[in-house]
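These numbers come from a predicted model, not from an experiment.
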Number of protein chains: 2
Amino acid sequence: MNRHQKEKADEASGPGRPTLKTLAFMTGLGVTTVSRALKDAPEIGAETRRRVQLVAKQIGYRPNRAGVRLRTGKTNVISLVLNTEHEIMSFVSDIIYGVSEVIADTPYHLIVTPYSRSQDPLDPIRYLVETGSADGVIISRTQPNDPRARYMLERGIPFATHGRTDMGLIHPYHDFDNYAFAAEAVRHLAGLGRRRLALLAPPVELTYHGHTLAGFADALSEVGASEIPFNTVSIDHSIEQIRMRTAQLMRRESRPDGFISSAAAATLAIVAGIEDAGLKLGRDVDVVSKQSSELLHLFRSELLVVNENFRLAGAELARSVLGWIGGAAPGTLQSLSEPGEVQAYRRPA
Amino acid sequence: MNRHQKEKADEASGPGRPTLKTLAFMTGLGVTTVSRALKDAPEIGAETRRRVQLVAKQIGYRPNRAGVRLRTGKTNVISLVLNTEHEIMSFVSDIIYGVSEVIADTPYHLIVTPYSRSQDPLDPIRYLVETGSADGVIISRTQPNDPRARYMLERGIPFATHGRTDMGLIHPYHDFDNYAFAAEAVRHLAGLGRRRLALLAPPVELTYHGHTLAGFADALSEVGASEIPFNTVSIDHSIEQIRMRTAQLMRRESRPDGFISSAAAATLAIVAGIEDAGLKLGRDVDVVSKQSSELLHLFRSELLVVNENFRLAGAELARSVLGWIGGAAPGTLQSLSEPGEVQAYRRPA
DNA sequence: GCTATATACTGAAACGTTACAGATTGTCAC
DNA sequence: GTGACAATCTGTAACGTTTCAGTATATAGC
C-alpha cells in the first residue's frame with residue numbers, strides 16, 4: 001500500500017461526514033471526476049455519472065458549504081434586511097415564511113440582518129457586500145431614491161426590494177398596489193355616503209407613501225369627496241400618538257366621517273381615538289384598513305378591511321432574487337399585487 | 001524580485017478585499033505572524049501586535065468566514081428553528097430582534113431554519129447537525145420529553161430551548177413562569193368574585209401546558225374556585241374554532257364567569273365567542289390573557305393582561321447559546337422570567 | 001566560549017471544493 | 001501502422017484560514 005492509498009483509506013474510514021475524497025475512494029475515481037459527475041458535467045461517462053450519484057445519495061453526501069464558498073465565492077445565502085423598530089410585526093413573520101417556502105428546496109440559507117433606528121440603513125448593506133456574506137439581498141422600507149438599491153446596483157449584487165423605487169433604475173421588486181388600495185377605499189367610503197375622509201398614511205420617506213396619497217387624491221376628486229388632513233402622524237408613530245391625534249381630530253367640528261389606514265396596528269389606535277372622542281364606529285365614522293392577518297374583524301366588526309399577503313410578498317421577493325442570481329434580467333422580475341375588494345364583516349354560520 | 005515577492009505584490013495590488021496575505025505583505029511579516037497577532041497570541045511581540053492590528057483596522061480587514069469555517073469548523077452561525085404554522089406571530093418577530101441584539105457585536109450571523117407541520121420537528125435539527133451548519137441552535141415549542149434536545153445533547157451541539165424539558169437532562173433554557181401566570185390569573189379573577197374559571201391552555205404536547213395547568217389547578221383550590229373544563233381547544237387552534245367553542249360553552253347553563261388565555265390572538269377569539277353568546281365582557285365574565293404586545297387593551301378595555309416579553313426571551317436564549325459555545329456549564333445558563341402583575345386598563349391622561 | 005532556553009517569527013500543510021491543464025484510452029481515416 | 005481526434009478520466013493548484021513543526025536571534029548560565 002503506497003502513501004497515496006493509505007491516505008485515502010484513512011479518510012474513508014474516518015467518522016466525519018463524507019467528502020468528495022470519501023466518494024472518490026469508494027468509487028475508485030479521482031476527486032475531480034466525482035466533483036464533475038455530481039454536477040452533470042458533459043465530459044463524464046453516463047454510467048460513471050449514475051454510479052457516483054447513486055453512491056453519493058446512499059451515503060448522504062452533502063457538499064461542504066465552506067469549501068464551495070471559499071473556492072467559488074458562492075455563499076448560498078440570502079439575506080433579509082430588517083429594521084428592528086419599524087417593521088410591521090406580521091410582516092417579519094410572514095415574509096420570513098414566504099422566503100423560506102421558496103428556498104426550501106434549494107441550497108440557500110436565509111440570514112436575517114437587522115439594523116436599528118440609530119444606524120444608517122446603508123450600514124448593513126455595506127457590511128453584506130463588503131464581506132461578501134450573501135449572494136442576494138432582500139430589503140424593505142423602500143424609498144423613491146433609495147441609496148441601498150443604488151449601492152447594490154453599483155456593486156452588482158442581486159437584490160429585490162419590497163416596494164418600488166423611482167430613480168429610473170431597473171431592479172426586481174414586489175409591491176402591493178397601494179394606489180389601488182387607497183382609491184378603492186375612498187370609493188367604498190363614498191359608497192357609504194362618507195364625504196370627509198382622513199388618511200393615515202405610511203411615513204413620507206417611503207415610496208408607497210406617494211402611491212397611497214395619489215390613489216387617495218385621485219379617487220377623492222373622482223367621487224367628489226374631500227380630504228380632512230391627518231398628516232401629523234403616520235403608521236410609524238406609536239399607538240399612543242396616533243390615538244391621541246385621532247381623538248383630537250375627532251373632537252374638532254370639521255372632523256372626518258371616514259378613515260383610511262395603511263396598517264392594522266394603527267387602525268386599533270384610530271378606533272381607540274374615535275371612541276375616546278365619544279363617537280361610534282359605523283355610525284359616526286367608517287374606517288377602511290389594510291391588514292395582513294384576519295384579526296381586525298374580531299376587533300370591531302364594523303371595520304372594513306383589505307388584505308395584504310406578506311407571505312406571498314416574501315415568496316415573490318425570494319423568487320426574484322433567485323431569478324436574478326440565476327441570470328434572469330432584473331426587469332423581468334418585478335411584480336405588483338392587486339388588492340382584493342374592501343371587505344365588511346360577515347357573521348360566521 | 002523573486003517569485004515569492006512577486007506573488008505578494010500581485011496580491012497586495014489586487015482590488016479584492018484584504019486577506020491575511022495582504023496584511024502580511026503590508027507589514028513585511030509572515031502570514032502566520034499576522035494571524036496570531038490579530039488574535040493576541042502570547043508569542044507575538046507587543047509592538048508587532050499593535051502594528052498589525054493598526055494596519056488591519058486601517059484597511060478594514062475582516063476575516064473571511066469561509067476560510068475560518070473550512071479550517072476550524074467554526075461557522076459563526078446561530079440557527080433559530082421555527083415552526084411555520086404554529087408560532088405566535090409576535091414571537092417570531094420579537095425573538096429575532098432579541099437574538100439579533102445580543103449577537104450584534106459578535107461575528108455571529110443568525111439563520112432562520114423553518115419547518116412545517118408535515119415535517120418531523122427533528123428533521124431541521126438533523127440537517128443542521130449533519131451538515132454542521134451552525135455552532136448553536138435555538139428551538140421553541142419545547143416538549144417535556146423533547147427528541148430534539150436529546151439529539152443535540154447526544155451530538156454535543158450547543159443549543160437553548162424556549163421552554164423547559166423534563167427528561168432529567170441539563171441544558172440551557174429560557175422560560176416564562178407560566179405556573180405563576182396561571183396562578184396569578186386565578187387569584188386575580190377570584191379577587192373579582194369569579195368562581196367558575198375556564199382555561200384556554202397551550203397545546204398538550206408542550207411543556208408549558210403542564211406548567212399552566214398546574215398553576216391553574218393549585219390556585220383554584222387555594223382560592224376555592226372551580227374549573228369549567230375547556231380542553232377541546234388550545235391556543236394552537238384556529239381563531240374560528242376557538243370562537244365557536246367559546247360561544248358553545250358560554251351558552252351552557254354551567255358557563256364560566258372567568259377565562260384565562262395563554263395567547264393574545266386566542267383571546268380575541270374568546271371575546272368574540274363570548275359576545276356571540278350575547279354576553280358582556282366585564283359584566284358576565286372576566287378574561288385574563290397573556291400578551292406580548294400592548295394591543296389587547298385597545299381591543300377591549302375590560303380585558304386583564306399579563307405581559308410576556310419575547311424580545312427578552314430572544315436575548316436570553318442567544319446569551320445562553322453563546323455562553324455554552326464559550327464553554328460555560330449548561331446548567332448555569334437557565335433562566336425563568338417572572339410575570340408582572342395582572343393589569344387592568346388605565347385610561348390614558 | 002559553549003550550551004541551554006526563551007522570544008519572536010516563519011513556511012508548509014490541511015480543511016473541501018472547483019478550474020486548469022494535462023493524461024490515457026479507443027476509434028477512425030488513410 | 002500512423003496520426004488525429006474525441007471521450008473520459010486525473011493531479012495539481014488555489015481560495016483564506018489556523019496549526020504544526022520548526023528556524024533564527026538574543027539572553028542567560030556556568
For this session: Determine, for B:Arg17 against A:Glu130, whether the closest basic-nitrogen to carboxylate-oxygen distance falls under 4.0 angstrom.
Result: no
For this session: Would you mind classifying the nucleic acid contact of B:Arg36 as base, sugar-phosphate or nothing, using non-hydrogen atoms under 4.0 angstrom?
Result: base
Exercise. The side chain of A:Thr72 lies closest to which of these nucleotides: C:dA21, D:dT17, C:dT18?
Worked result: C:dT18
Problem set entry | Nucleotide D:dT19, atom P - distance to CD1 of B:Ile44 in whole Å | 13 Å
Exercise. Starting at the 5' end of DNA chain C and moving along, which residue's nearest nucleotide shows up first, A:Tyr61 or B:Ala46?
Worked result: B:Ala46
Exercise. Can you check the B:Arg65 CZ to C:dG16 C1' distance for me, whole Å?
Worked result: 18 Å
Exercise. Would you say a side-chain N or O of A:Thr32 is under 4.0 Å from OP1 or OP2 of D:dT10?
Worked result: no
Seminar exercise, completed: In this structure, OG1 of B:Thr161 is separated from CE of B:Met152 (nearest 0.5 Å) by 8.5 Å
Exercise. Quick one: is B:Thr48 getting a side-chain N or O under 4.0 Å of the C:dC9 phosphate, OP1 or OP2?
Worked result: yes
Exercise. OP1 or OP2 of D:dT10 less than 4.0 angstrom from a side-chain nitrogen or oxygen of A:Thr33, does that happen here?
Worked result: yes
Exercise. Which atoms form the tightest heavy-atom contact between A:Pro114 and A:Gln119, and what is the distance?
Worked result: O-OE1, 4.3 Å
For this session: Could you tell me the separation between the OH atom of A:Tyr108 and the OG1 atom of A:Thr75, rounded to the nearest 0.5 Å?
Result: 7.0 Å
Seminar exercise, completed: Picking from D:dT18, C:dT17, C:dT10, the nucleotide nearest the side-chain atoms of A:Val68 would be C:dT17
Seminar exercise, completed: Side-chain atoms of B:Leu29 come closest, of C:dG16, C:dC9, D:dT18, to C:dC9
For this session: Take atom NZ of B:Lys21 and atom C1' of D:dC15, then tell me their distance rounded to the nearest Å.
Result: 9 Å
Problem set entry | Between D:dA14 (C1') and A:Leu70 (CG): distance, integer Å | 9 Å
Problem set entry | Which nucleotide in D:dG16, D:dT17, C:dT17 has an atom nearest any side-chain atom of A:Leu20 | C:dT17
